[in-house]
S.K.: 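Please see the structure below; I have some questions.
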Amino acid sequence: MKVLIATDASEHSKAAIDQGLEMLKTDDIEIKIVSVIEPPLTTAEPFAGSVDLYRETENVVHRQAEIAVDQGESRVRDLLGAKLPESALSTDILIGSPARRIVEEAQKWEADLIVIGSHGYGFWERMMLGSVSQSVMQHAPCSVLVVRKGKN
């Protein structure tokens with residue numbers, strides 16, 4: 001079974017990894033952990049920001065994505081240990097719209113399942129911010145497990 005785990009290093013993503021792997025009781029598993037970077041918006045003159053600021057912002061966002069996949073990989077290794085061969089776990093940082101890129105990667109990689117956390121936004125937050133997990137569910141080429149972090 002090929003499982004694509006989307007993470008942003010939030011508590012919701014960590015809960016998704018924990019609960020998703022707990023539910024998957026299979027020895028024949030391949031896992032790919034991804035984090036998606038949305039490129040910062042650029043503006044045109046006369047409102048354009050400095051190129052250095054744009055690059056610095058890009059570097060910070062990329063580093064956050066690296067941390068997200070590293071933490072996800074460590075968590076998977078902690079939970080599955082020796083059950084998971086080294087070659088059965090990979091990571092990637094994708095660039096673009098998070099929902100679109102997750103779905104595209106699932107198609108390209110031929111995933112059987114996407115595991116993603118839900119931030120638990122209410123109606124107004126979803127209207128303003130959008131819902132990555134909802135969009136992934138609507139467009140995914142495979143099953144999607146959306147995990148909501150409990151109130152602890």
S.K.: Hey, is the main chain of W109 close enough, under 3.5 Å, to the side chain of K2 for a donor-acceptor pair?
M.R.: yes

S.K.: If I take atom CD from residue E73 and atom CG from residue D78, how far apart are they, to the nearest 0.5 angstrom?
M.R.: 10.5 Å

S.K.: Pick one: which of E58, H62, E66 meets side chain to side chain contact (heavy atoms under 4.5 Å, CB included) with I37?
M.R.: H62

S.K.: Is D18 close to L79 at the side-chain level, that is, under 4.5 Å between some pair of heavy atoms?
M.R.: yes

S.K.: So, does R101 use its side chain to make a donor-acceptor pair with the main chain of I95 at under 3.5 Å?
M.R.: yes

S.K.: Evaluate the side-chain proximity of Q71 to T7: yes if any heavy-atom separation is below 4.5 Å, no if none is.
M.R.: no

S.K.: Can you name the nearest heavy-atom pair linking A140 to I114, along with the distance?
M.R.: CB-CD1, 3.8 Å

S.K.: Do L113 and C142 have side chains that approach each other closer than 4.5 Å (heavy atoms only, starting at C-beta)?
M.R.: no

S.K.: Of the non-hydrogen atoms in S133 and V146, which two are nearest, and what is the gap between them?
M.R.: CB-CG1, 3.9 Å

S.K.: For the residue pair D8 and V132, establish whether any side-chain heavy-atom pair is separated by less than 4.5 Å.
M.R.: no

S.K.: Quick one: closest heavy-atom pair of A111 and L4, and the distance?
M.R.: CB-CB, 4.1 Å

S.K.: Using every non-hydrogen atom in the two residues, find where P98 and V36 come nearest and quote the distance to one decimal.
M.R.: CA-CG1, 3.5 Å

S.K.: CG of L21 to CG of L84: how many Å apart, nearest 0.5 Å?
M.R.: 8.5 Å

S.K.: Please check if the number of heavy atoms outside M23 that lie under 6.0 Å from its CE is greater than 12.
M.R.: no

S.K.: Is the shortest heavy-atom distance from the side chain of P141 to the side chain of V103 under 4.5 Å?
M.R.: yes

S.K.: Show the nearest heavy-atom pair for residues P85 and R77, with the distance to one decimal.
M.R.: O-NH1, 4.0 Å

S.K.: How long is the span from the OG atom in S13 to the CZ atom in R75, to the nearest 0.5 Å?
M.R.: 13.0 Å

S.K.: Does the S74 side chain pair with the main chain of D70, one donor and one acceptor, at a distance under 3.5 Å?
M.R.: yes

S.K.: Under a 4.0 Å threshold between the charged nitrogen and the carboxylate oxygen, would R100 count as salt-bridged to E104?
M.R.: yes

S.K.: Any chain of hydrophobic side-chain contacts (each under 4.5 Å) joining V76 to I67?
M.R.: no

S.K.: Drop me the distance from R148's CZ to H12's NE2, to the nearest 0.5 angstrom.
M.R.: 9.0 Å

S.K.: Side chains of V60 and E56: closer than 4.5 Å at any heavy-atom pair?
M.R.: yes

S.K.: Looking at S90 and K32, would you say the former's side chain and the latter's main chain have a donor-acceptor pair under 3.5 Å?
M.R.: no

S.K.: Which value, rounded to the nearest 0.5 Å, describes the distance between L145 atom CG and S118 atom OG?
M.R.: 11.0 Å

S.K.: Do other residues, nucleotides or ligands put more than 12 heavy atoms under 6.0 Å from the CZ atom of R55?
M.R.: no

S.K.: Do other residues, nucleotides or ligands put more than 12 heavy atoms under 6.0 Å from N59 CG?
M.R.: yes

S.K.: I need the S131 OG to M137 CE distance, nearest 0.5 Å.
M.R.: 6.5 Å

S.K.: Without swapping roles, check the side chain of T91 against the backbone of I33 for a donor-acceptor pair under 3.5 Å.
M.R.: no

